[in-house]
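First the structure, in the form of structure tokens, and then the observations on it.
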Amino acid sequence: MIKEQYNPQEIERKWQKFWDDNNIYKTPSESDKPKYYALSMFPYPSGRLHMGHVRNYTITDVIARLRRMKGYNVLHPMGWDSFGLPAENAAIQSNANPADWTISNIDYMRDQLKTLGLSYDWDRDIATCKPDYYKWTQWLFLELYKAGLAYKKEAAVNWCSDCATVLANEQVEEGQCWRCSTIVEKKNLSQWFLKITDYAESLLQDLDKLKGWSENVKLMQKNWIGKSQGTTIKFKLVENPDIEIPVFTTRPDTVFGVTYLVVAPEYPIINQLVAEENKDYVQKYIDAAKIKSEIERTSTEKDKTGIPLGTHVINPFNGKKVPLWTGDYVLVEYGTGAVMGVPAHDTRDFAFAKKYNLSIVQVIKKQQTGEEELAEAYVDPGVMINSGEFNDLDNETGKQKITEWAEQNNAGGRKVQFRLRDWLISRQRYWGAPIPIIYCDNCGIVPDENLPVLLPEDVDFKVQGRSPVSTSETFVNTTCPKCNKPAKRETDTMDTFICSSWYYLRYIDPKNEDKIFDSDLVNKWMSVDQYVGGIEHAILHLLYSRFFVKFLKDRGLVNFDEPFDNLLTQGMVLKDGSKMSKSKGNTVDPDDIFKNYGADTARLFILSDSPPQRDLEWSDEGVEGCYKFLNRVWRLVYNSRENIIFDYPELDANKLASKNNDLLRETHKAMKKVTADINNEFQFNTAISKYREFVNCIYDYVGKTKTYNDEDKAVLSNAIITLIKLMSPLVPHMTEELWSELGGSGSIHLIELPEHDESLAVSQNLPIVVQINGKVRDKLMLPFGSSNDDLENAAKDSEKIQSHILGKQVVKTIVVPNRLVNIVVK
RNA sequence: GGGCGAGUGGCGAAAUGGUAGACGCGCUAGUCUUAGGAACUAGUAGGUAACCCCUGUGAGAGUUCGAGUCUCUCCUCGCCCACCA
């Protein structure tokens with residue numbers, strides 16, 4: 001018996017237990033059905049779910065549920081990105097163990113996910129902080145090491161003093177730490193890197209294969225990889241012709257306009273380039289540059305500064321002698337660490353030359369104009385002048401010719417330059433996967449194959465400036481696996497982005513103790529059919545994941561190029577116009593919504609107000625509205641319970657009374673619209689509108705029907721049971737309850753979703769718009785499929801239309817079948 | 001500075017080049033109630049007393065029988081990258 005009152009809390013608890021007990025959402029690895037891998041970006045277990053999580057996981061859950069009901073074997077797993085700094089900070093504050101803090105958060109959040117009614121296969125739950133997972137993270141590191149893609153080097157790295165650790169390039173935002181906004185310093189440290197730059201070209205090229213990614217995200221990756229085609233040109237030092245300074249340029253066509261050269265202050269051999277009398281002065285400049293923060297140095301507002309080294313270089317193209325400078329706007333990491341100054345054709349160089357009174361030589365002119373004094377740099381295409389044998393070439397041809405000349409005369413050549421730099425992965429923190437490396441005085445760097453290398457527990461978390469791991473004597477002191485002599489362990493841990501860049505592979509084979517995963521299984525399940533997560537991962541996580549998959553393919557462990565076929569980047573959840581955050585105090589706790597309205601209401605609201613890609617403004621009234629709607633559906637079913645026959649007889653549309661035919665048609669229209677909206681475009685908001693329209697329509701029907709004959713009952717039953725089926729992916733608990741109470745057996749979530757019948761979804765009569773000169777003047781109800789002549793005649797017969805045509809000349813008539821007639825008059 | 005999006009009622013938003021504002025929130029009036037913040041009914045872009053009609057999708061032009069939608073110029077907002085040579 002259906003209860004009179006909709007009681008979400010009672011229903012939801014009951015069905016969640018039922019689903020759990022009966023393993024409704026367990027995914028068999030083998031099945032005759034086609035596979036579908038639906039994946040949400042797994043959360044960091046910070047303590048409790050926020051609305052962003054609710055949105056992310058509900059979206060993916062609806063997609064997974066719909067696919068399941070469309071006959072797919074759906075993999076829909078969940079896990080925990082559980083290494084990271086917050087656990088360590090919490091440990092320092094409360095003297096707890098990061099592991100305990102993390103595990104209890106995971107347990108709480110897992111319960112919350114269950115409360116939300118998400119259809120996960122919990123048997124595949126993984127946590128990156130557990131040894132049975134990070135063992136394979138370490139294994140992966142060693143594979144990279146053996147392939148020459150993990151290496152250690154001394155480098156000027158980004159240092160966050162607040163987090164007391166180094167940061168990857170990708171983790172520095174506007175010169176500040178991505179996590180705590182502390183201004184990042186440069187420090188010279190010996191650190192581990194992954195050679196992601198080896199894959200720069202394929203990471204760029206394969207973006208074209210990602211048809212299911214938005215252009216926006218692909219472009220962000222493309223810009224980050226930052227490929228530029230250019231030329232290197234070598235300039236010899238006048239004072240010591242054995243020294244060559246190569247520069248990188250994308251404008252070799254302007255080489256005859258070089259009037260100076262600038263090297264970075266950190267240029268490795270800068271000391272050999274300085275004239276004796278300038279040494280003191282230059283050293284001061286270099287020291288000053290070092291202590292400037294990244295943010296000061298890279299500010300575009302500031303004037304460029306530089307000083308002459310007192311020496312000169314020879315331009316190989318024209319033999320001209322030009323002064324050599326150093327300037328802190330030149331980056332030692334990019335290109336060759338040296339640039340040529342062409343003030344006439346580069347705005348930055350122009351400003352620099354004006355400031356320091358350097359000469360300006362024009363070498364490109366606009367077509368058809370003479371040479372004239374430049375008021376600003378001329379950066380557009382043109383014709384080469386003052387360029388010796390290259391004069392009169394258009395500058396694009398000039399680029400080729402100049403580069404060829406450089407190649408032929410040993411003065412440089414073609415060069416492809418990427419902005420992408422190697423991935424700095426070592427962190428001086430505790431709560432991460434230890435880097436499985438041993439340093440031996442005899443054997444040097446030795447990989448430790450005895451995995452997992454477990455995190456020590458006897459550590460001092462409060463140590464400053466070095467990894468807390470280094471305080472564990474038992475961990476640090478070990479023996480060399482090669483020579484058995486005493487040796488020391490690496491005490492840095494890995495960037496947690498390593499752990500989170502391969503997790504989607506582990507879900508497929510989560511309990512494998514012998515291998516990172518079974519390749520056959522992974523090849524069968526990958527790629528991920530639909531990945532859903534926040535736009536904030538557009539670069540870091542997604543780029544790293546793509547890199548790992550390309551590496552694993554090269555190692556023969558997988559046979560696909562890209563991990564994620566389709567990517568949906570969901571918008572943020574806002575309140576009062578800005579992102580929900582604790583610091584702003586504008587958060588809404590999902591638990592409160594579950595408690596007051598139930599998970600079904602939360603799910604419905606989070607999907608109803610905006611399309612998923614767009615930001616969603618939180619609205620208490622909107623939540624209330626969704627709750628009322630669910631109550632409205634409940635009442636509809638409850639009040640009609642006497643007239644609902646679960647096994648209603650088949651309906652013959654040709655024989656139905658017109659009222660019943662109308663409802664049958666609306667039922668098929670709803671089927672069509674809802675599945676199309678969810679399946680193709682993830683337009684949950686318009687799918688939900690359709691639910692409401694359909695419910696309004698059934699209410700109309702019920703309101704008009706005083707007594708029910710068998711045909712009425714069958715049509716009504718069809719409408720209501722279809723409604724419940726269509727709503728079940730979004731509103732899983734309430735629909736399960738109604739399904740069961742109306743007489744359905746098993747779970748509604750395991751049935752097949754019905755397909756609409758197109759012939760039943762079209763109306764017999766359609767409103768046809770009649771326009772005069774594109775303005776609507778009348779609307780006529782005409783049969784579906786009327787011929788163009790019939791439409792035109794009907795339009796011209798209309799009294800309203802005739803009054804508009806009267807006394808005018810009909811120039812032409814446009815007819816769009818089933819839609820409109822436009823009469824053009826003069 | 002470069003790149004990418006987006007501008008539609010009081011609000012969230014709909015709209016294969018073809019009836020702009022579906023659906024909802026809010027609001028107004030009414031019904032039922034002791035009462036309702038519940039439910040139901042009707043209305044709700046602006047102008048007009050009002051039907052008709054006129055105006056209307058950031059501004060301006062263009063293409064088209066017809067433009068929220070396509071093209072160009074401009075304005076505003078958001079996001080990403082940014083001394084990248």
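Only this structure's heavy atoms are used, side chains among them; waters, hydrogens and symmetry mates stay out. First the proteins, then the strands, lettered A, B, ... as listed; each starts at 1. For clarity, every value in this text was computed on a predicted model and none was experimentally measured.
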* Asked: Taking atom P of C84(B) as reference, at what distance in whole Å does atom CD of Q417(A) sit?
  -> 13 Å
* Is there a donor and acceptor pair, one atom on the side chain of S689(A) and one on the base of A22(B), closer than 3.5 Å? -> yes
* Can you tell me how far P in A13(B) sits from the matching atom in C25(B), rounded to whole Å? -> 16 Å
* To do: Looking at every strand, decide which applies to S228(A) at a 4.0 Å heavy-atom threshold: base, sugar-phosphate, or nothing.
  => sugar-phosphate
* To do: With C1' as the reference atom in both, quote the distance from G47(B) to C52(B) in angstrom, rounded to an integer.
  => 14 Å
* To do: Treat a base pair as Watson-Crick or G-U wobble with both distances under 3.5 Å, then lay out RNA chain B in dot-bracket form, 5' to 3', with | for cross-strand pairs.
  => (((((((..(((.....[....)))((((((.......))))))(((.....)))..(((((..]....))))))))))))....
* Asked: Counting side-chain heavy atoms from CB outward, which of A13(B), A15(B), C83(B) is closest to Y329(A)?
  -> C83(B)
* Would you please classify the geometry between the H537(A) ring and the H541(A) ring as parallel, tilted or perpendicular, with 30° and 60° separating the classes? => perpendicular
* Is there a side-chain contact between T231(A) and K399(A) (heavy atoms, below 4.5 Å)? -> no
* Asked: Under the 3.5 angstrom rule, does the side chain of Y356(A) hit a backbone N or O of P308(A) as a donor-acceptor pair?
  -> no
* Between G62(B) and G26(B) - C1' atom distance, rounded Å -> 40 Å
* Are the side chains of Y699(A) and R632(A) in touch, meaning some heavy atoms are under 4.5 Å apart? -> yes
* Base, sugar-phosphate, or nothing for S619(A), non-hydrogen atoms under 4.0 angstrom? -> nothing
* Would K669(A) and S763(A) satisfy side chain to side chain donor-acceptor pair (under 3.5 Å), going step by step from the backbone distance to the final call? -> CA-CA 10 Å; K669(A) 279 186 176 173; S763(A) 305; 3.2 Å; yes
Could you go through nucleotides 17-21 of chain B and list every protein N or O atom that sits under 3.5 Å from one of its N or O atoms, giving the distance for each pair?
| residue | atom | partner | partner atom | Å |
| --- | --- | --- | --- | --- |
| G18(B) | N2 | Q771(A) | OE1 | 3.2 |
| G18(B) | N2 | N822(A) | ND2 | 3.4 |
| U19(B) | O2 | K779(A) | NZ | 2.7 |

* Given the P atoms of G43(B) and G21(B), what is the spacing between them in whole Å? -> 15 Å
* Distance, rounded to the nearest Å, where Y627(A) contributes OH and A39(B) contributes C1' -> 14 Å
Any protein N or O atoms within reach of nucleotides 70-73 of chain B? Criterion: under 3.5 Å, listing atom names and distances.
none

* Classify the side-chain pair E624(A)/Y597(A) by whether it contains a donor and acceptor separated by less than 3.5 Å. => yes
* Donor-acceptor contact present, side-chain W634(A) to main-chain N7(A), <3.5 Å -> no
* To do: Report the distance from atom CD1 of I539(A) to atom P of C80(B), rounded to the nearest whole Å.
  => 9 Å
* To do: Take the protein atom CD of Q570(A) and the nucleotide atom P of C79(B), then report the distance between them rounded to whole Å.
  => 17 Å
* Interatomic distance, E617(A) CD vs G10(B) P [rounded to whole Å] -> 18 Å
* Pair S228(A), Y334(A): side-chain N/O donor-acceptor within cut-off below 3.5 Å -> yes
* Asked: When rounded to the nearest Å, what value does the distance between P atoms of U73(B) and G2(B) take?
  -> 14 Å
* **Side chains of Y267(A) and L309(A) in contact at under 4.5 Å (non-hydrogen atoms)** => no
* To do: Ignoring the backbone of R692(A), work out which of C83(B), G24(B), G12(B) is nearest its side chain.
  => G24(B)
* Whichever of D349(A) and M572(A) has its nearest RNA chain B nucleotide further upstream toward 5' -> M572(A)
* **K355(A) atom NZ, neighbour heavy-atom count above 12 within 6.0 Å** => yes
* **hbond_proxy K812(A) side chain to C65(B) base (donor-acceptor, 3.5 Å cutoff)** => no
* On RNA chain B, check which nucleotide each of R635(A) and I535(A) is closest to and give me the residue with the more 5' one. => R635(A)
* How close or far is atom P of C81(B) from atom CG of N216(A), stated in whole angstroms? -> 11 Å
* **A14(B) and U69(B), which share atom name C1', separated by this distance in whole Å** => 13 Å
* Asked: Just checking, any donor-acceptor pair under 3.5 angstrom between side chains of S359(A) and T259(A)?
  -> no
* Structure fact -> Output for pair (D662(A) CG, Y701(A) OH), nearest 0.5 Å, gives 10.0 Å
* Asked: Looking at the side chain of W224(A), which of C54(B), A82(B), C23(B) is the nearest nucleotide?
  -> A82(B)
* To do: Can you tell me, in whole Å, how much space there is between the C1' of A35(B) and that of A39(B)?
  => 14 Å
* Structure fact -> Judged by whether its glycosidic angle lies within 90° of 0, G9(B) is syn
* Round to the nearest Å and state the distance from N685(A) atom CG to A15(B) atom P. => 8 Å
* Structure fact -> Regarding the side chain of V330(A), the nearest nucleotide among A85(B), C65(B), C83(B) is A85(B)
* At under 4.0 Å, does any side-chain N or O of R348(A) touch on OP1 or OP2 of C84(B)? -> yes
* Distance in Å, I688(A) CD1 paired with M727(A) CE, rounded so as to fall on 0.5 Å steps -> 8.5 Å
* K628(A) near the nucleic acid: base, sugar-phosphate alone, or nothing, with a heavy-atom cut-off under 4.0 Å? -> sugar-phosphate
* Within the structure shown, what part of the strands sits under 4.0 Å from N631(A) by heavy-atom distance: base, sugar-phosphate, or nothing? -> nothing
* **Nearest to side-chain heavy atoms of F248(A), which nucleotide of C84(B), A85(B), A39(B)** => A85(B)
* Asked: Which part of the nucleic acid does R419(A) contact within heavy-atom distance under 4.0 Å: base, sugar-phosphate only, or nothing?
  -> base
* Within a reach of under 6.0 Å around CD of E758(A), are more than 12 heavy atoms found that belong to other residues, nucleotides or ligands? -> yes
* **d(CD1, I772(A); P, C65(B)) in whole Å** => 16 Å
* To do: Taking only the side-chain nitrogens and oxygens of K673(A), find out if one of them lies under 4.0 Å from OP1 or OP2 of A15(B).
  => no
* Asked: In terms of the angle between their ring planes, are Y544(A) and W423(A) parallel, tilted or perpendicular, with boundaries placed at 30° and 60°?
  -> parallel
* Tell me which nucleotide among C83(B), C25(B), C65(B) gets nearest to the side chain of E621(A). => C25(B)
* Roughly how far apart, to the nearest Å, are G78(B) and G58(B) at atom C1'? -> 15 Å
